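These notes concern the structure reproduced below.
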Amino acid sequence: MDALAQTKQGIGIAHGKVILIGEHAVVYNMPAIALPFTAATVSVSIQPCTGESYIDSAYYTGPLASSEQLNHLHQMIQAVCTYLETSADGLYFTIDSSLPAERGVGSSAAVASATLRALCDYFDAELDEASFTHFVSISENMVHGQASGIDTEVIFQQSPIYFTKDQPPETLDLQLSGYLITADTGVTGSTKEAVADIQQLLIDYPTKTLEAIQQLGQLANQAKEVILSGNIKQLGQILSNSHLQLKQLTVSSPELDQLVFTALQAGALGAKLTGSGRGGCMIALAATEAEAQQIADALQQAGATQTWINSLGDSTDDNLY
Ligand code: PMV
């Protein structure tokens with residue numbers, strides 16, 4: 001790195017997301033609800049360096065342009081630099097993340113968002129919402145195959161959202177007396193593969209697949225209503241029903257089913273996979289913090305590699321959505 005030019009720096013931070021309901025169906029214009037996942041953070045810093053741009057991360061360290069794994073990020077950075085009429089060389093990116101990657105909690109969108117915020121900070125640029133989501137979607141479309149944009153939007157809004165593709169999101173005021181447990185199976189899932197497989201299912205079994213997608217959309221609308229009326233018990237049932245529809249779409253896995261079963265046995269009001277599935281994370285609802293802790297303990301005993309508990313209620317706690 002060029003020691004002389006080290007005063008200039010850019011920093012960007014982003015959190016991940018949890019899809020409460022409606023994943024996959026959201027790709028087909030059904031509504032979905034997503035929450036920021038504030039328990040984990042991605043931070044990206046940029047410092048000047050000589051020569052071509054370089055990236056330092058847990059998954060890849062080396063010249064930015066040579067990384068196949070991070071090509072989606074490279075493409076986004078190129079596009080941003082072209083837009084800002086500046087060179088995409090001479091940037092040293094350092095990515096620090098406590099968000100598990102490829103686990104359905106929005107790591108790719110969070111890394112792209114934090115990188116974009118760091119670029120804006122570094123070049124003293126401001127982007128409006130449309131430009132922000134446009135640039136992040138360059139990366140997300142490469143990662144997801146056919147991204148709905150929900151991950152980018154909730155990370156941008158930093159608030160719970162009710163989202164339908166290509167429509168402005170509605171922010172939701174979550175005032176539920178309850179807790180959300182998120183648990184990681186420890187198995188990586190591929191969003192691109194899962195999204196492509198559902199596309200194929202629609203060709204092979206159109207009626208059944210479309211029915212499951214529409215059911216998921218209806219469940220998301222019901223979830224919105226019960227959130228607004230504050231009925232956490234009904235929300236739990238709706239989440240469990242949506243897990244069954246996601247199973248129909250072949251995006252669950254034995255590990256996810258096992259954790260969903262364990263959570264329900266341990267007293268959860270409802271449980272489902274979250275994100276693209278086939279591994280990754282699941283979520284469960286609990287009425288009290290003590291019950292949430294019991295469920296989290298049971299999930300860890302059943303093999304979850306990590307669990308997080310977030311309040312959905314009206315306390316002033318940091319983990320509040
Ligand atoms: O990449 P994930 O696991 O956070 O899932 C994203 C949500 C999907 O609905 C599966 C895809 C999309 O673009 O909406």
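Numbering of ligands and ligand atoms starts at 1, following listing order. Since the structure is predicted, the reported quantities are computational estimates derived from the model, not experimental observations.
- Checked by atom type, the side-chain pair Q293/D297 shows a donor-acceptor distance below 3.5 Å.
- Tested against N71 for a side-chain hydrogen bond (donor to acceptor under 3.5 Å, both in side chains), the candidates Q75, Q69, E68 yield a single pass: Q75.
- No hydrogens or angles considered: a donor-acceptor pair under 3.5 Å links the side chains of S252 and D257.
- Here the options are T171, N221, L20, the test is side-chain contact (heavy atoms from CB on, under 4.5 Å), and the partner is Y162; only N221 passes.
- Residue pairs satisfying the salt bridge (charged side-chain N to carboxylate O under 4.0 Å, His left out) criterion with at least one member in residues 44-58, sequence neighbours excluded, are absent.
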Note down each nitrogen or oxygen pair, ligand 1 side and protein side, whose separation is under 3.5 Å; give only atom names and the distance to 0.1 Å.
unit_1	atom_1	unit_2	atom_2	d
ligand 1	1 (O)	H144	NE2	3.1
ligand 1	1 (O)	T191	OG1	2.7
ligand 1	3 (O)	S276	N	2.8
ligand 1	3 (O)	S276	OG	3.0
ligand 1	4 (O)	K17	NZ	2.3
ligand 1	4 (O)	D151	OD2	3.0
ligand 1	5 (O)	S276	N	3.4
ligand 1	9 (O)	H24	N	2.9
ligand 1	13 (O)	H144	ND1	3.0
ligand 1	13 (O)	S148	N	2.8
ligand 1	14 (O)	S148	OG	2.6

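- The aromatic rings of F156 and F132 are tilted relative to each other, their planes meeting at an angle between 30° and 60°.
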